[in-house]
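Notes to accompany the following structure.
A, B, ... follow the sequence lines: proteins, then strands. Residue 1 opens every chain.
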Protein chains: 2
Amino acid sequence: MSDMPTGDSLLFLTDEQLRQGIEAMFFAYRGFTSAPDQILAGISYGRAHHRALHFIGRSPGMNVNRLLAILGVTKQSLNRVLRTLIEDGLVESRVGVADKRERHLYLTEEGQTLETRLSEAQRAWMRAAYRKAGPDAVTGFRQVLEAMMEPELRRLYSGLREG
Amino acid sequence: MSDMPTGDSLLFLTDEQLRQGIEAMFFAYRGFTSAPDQILAGISYGRAHHRALHFIGRSPGMNVNRLLAILGVTKQSLNRVLRTLIEDGLVESRVGVADKRERHLYLTEEGQTLETRLSEAQRAWMRAAYRKAGPDAVTGFRQVLEAMMEPELRRLYSGLREG
DNA sequence: CTTGGAATGTCAACATGACTGACTTAATGT
DNA sequence: ACATTAAGTCAGTCATGTTGACATTCCAAG
């Protein structure tokens with residue numbers, strides 16, 4: 001810590017600055033979810049369905065346990081969401097080859113379509129924010145978010161970019 | 001937009017970059033709420049109570065309508081939370097002086113104590129993230145979050161710093 | 001080979017915190 | 001006097017989280 005700045009340059013760590021960051025996070029998260037929420041409202045799905053579709057689309061063939069770790073809910077809770085998605089033909093669940101206890105999850109064509117629609121809306125919102133703030137701000141944004149994750153989730157987050 | 005950068009310097013707007021930002025936001029939000037959530041779990045309150053305490057503590061004397069606008073929930077939903085907080089002696093509701101229809105909200109001493117406990121935990125988490133990322137990153141973080149808010153909420157957010 | 005434990009997934013019941021809609025009460029303002 | 005506004009309430013619904021109990025499958029130790 002000997003190379004930490006001192007005095008006024010630590011202003012970003014005052015309680016007031018931290019509080020503003022907390023409130024910014026709260027308000028921004030609402031904007032973050034507003035676009036997909038609006039789409040979901042029409043079709044009697046919720047955020048939980050969106051999250052499942054997102055991560056299944058991101059890593060096709062993922063088994064339920066891994067999805068559980070990513071979403072951080074109980075398997076019973078995920079199962080309800082997953083069941084409706086499978087019943088509605090948006091997600092396909094294939095029994096594992098090596099281990100028949102496992103179910104591997106895939107988006108159907110219809111599932112892909114909805115996922116794309118939701119993602120496009122959310123990306124459009126993020127794109128506008130990124131554009132407004134500029135590339136340097138985006139770099140800082142990503143750094144703070146990553147530092148804010150719980151260690152286990154940070155590993156999962158990084159893992160998504162590798163395999 | 002004639003002064004926007006072009007070519008490779010727009011890499012931060014690719015779909016992949018945006019997707020990573022979206023996932024970062026999702027994972028970070030869990031870290032963001034984890035510390036207060038742990039405290040709340042013990043005392044049969046939820047995030048909704050924390051949010052109410054936070055904003056009442058932030059702007060003592062605020063009336064119900066304003067709190068409603070900030071939280072973005074229905075009055076029925078807020079009322080349930082507020083009623084328990086008042087019954088439990090954490091929040092005081094005073095009839096307005098100028099307009100007797102209004103109720104102005106204040107934290108009691110006990111309410112202040114809990115709010116401080118929750119806020120301290122959350123601030124400690126944010127402080128660690130800020131320190132890790134550094135002041136420049138924090139500036140960018142705040143800029144992107146502000147750009148991400150819905151316009152109406154951005155006004156409310158800014159308004160909290162004035163009066 | 002069998003059997004018992006661990007891993008995986010499913011079903012049922014319940015809690016919380018959102019929502020809508022209809023309504024009351026009281027105070028305000030035109 | 002009457003319409004509007006602020007706050008609160010009652011009733012019902014929905015999405016999404018929770019525990020607990022259970023079935024199936026796999027693997028490894030006896």
Comparing A/R47 and A/R103 on DNA chain D - which has the more 5′ nearest nucleotide:
A/R47
Of all the nucleotides listed (D/dA6, D/dT25, D/dA11), which has the minimum atom distance to the side chain of A/R101?
D/dT25
From the list D/dA21, C/dG9, D/dA11, which nucleotide is the closest neighbour of the side chain of B/Q76?
D/dA11
Salt-bridge test for A/R161 and B/E16: reply yes if a basic N is under 4.0 Å from a carboxylate O, no otherwise.
no
Are B/R51 and C/dA18 close enough that a side-chain N or O sits under 4.0 Å from OP1 or OP2?
yes
Using OP1 and OP2 only, check whether a side-chain N or O of B/N79 sits under 4.0 Å from D/dT9.
yes
Surrounding CD of B/E109 (heavy atoms of other residues, nucleotides or ligands, distance under 6.0 Å), is the total greater than 12?
no
Could you tell me the separation between the CE atom of B/M62 and the P atom of D/dA6, rounded to a whole number of Å?
15 Å
Quick one: label A/A98 by what it contacts on the DNA or RNA (base, sugar-phosphate, nothing), any heavy atom closer than 4.0 Å.
nothing
Of C/dA18, C/dT8, D/dG20, the nucleotide closest to the side chain of A/N65 is C/dT8
If you count heavy atoms of other groups shown closer than 6.0 angstrom to CD of B/Q38, is the number above 12?
no
If I take atom CG in residue A/D37 and atom C1' in nucleotide D/dA15, what distance separates them, rounded to the nearest angstrom?
12 Å
May I ask you to evaluate whether A/R83 reaches the phosphate of C/dC11, defined as a side-chain N or O under 4.0 Å from OP1 or OP2?
yes
Which of these passes side-chain contact (heavy atoms from CB on, under 4.5 Å) with B/Y130: B/K132, B/R127, B/M126?
B/M126
How long is the line joining CG of A/L40 and C1' of C/dA18, in whole Å?
15 Å
B/L85 has an atom CG; how far is it from atom C1' of C/dG17, in whole Å?
14 Å
d(CZ, A/R66; P, C/dA7) in whole Å:
18 Å
Could you check how far CD1 of A/I43 sits from C1' of D/dC14, rounded to whole Å?
15 Å
Does C/dT16 have OP1 or OP2 sitting under 4.0 Å from an N or O in the side chain of B/H49?
no
Rounded off to whole Å, could you give me the CD-to-C1' distance for the B/E102 and D/dG8 pair?
15 Å
A/K75 side chain: which of C/dA22, C/dG9, D/dT18 is closest?
C/dG9
Looking across every strand, which nucleic acid part, if any, lies under 4.0 Å from A/G72 by heavy atom: base, sugar-phosphate, or nothing?
nothing
Does A/R80 or A/D99 map to a spot on DNA chain C nearer the 5' end, using the closest nucleotide for each?
A/D99
Ion pair B/E115/B/R117, N-O distance below 4.0 Å:
no
A/S77 side chain, from C-beta outward: closest of D/dG17, C/dG9, D/dA21:
D/dG17
Nucleotide D/dA6, atom C1' - distance to CG of B/L82 in whole Å:
14 Å
Closest-nucleotide mapping onto DNA chain C: is B/K100 or A/L68 further toward the 5' terminus? I mean the 5' end.
A/L68
Can you check salt bridge (charged side-chain N to carboxylate O under 4.0 Å, His left out) on B/E120 and A/R19, steps first, answer last?
CA-CA 10 Å; B/E120 273 305 327; A/R19 194 214 285 266; over 6 Å; no
Would you please confirm or rule out a distance under 4.0 Å between OP1 or OP2 of C/dC19 and any side-chain N or O of B/T74?
yes
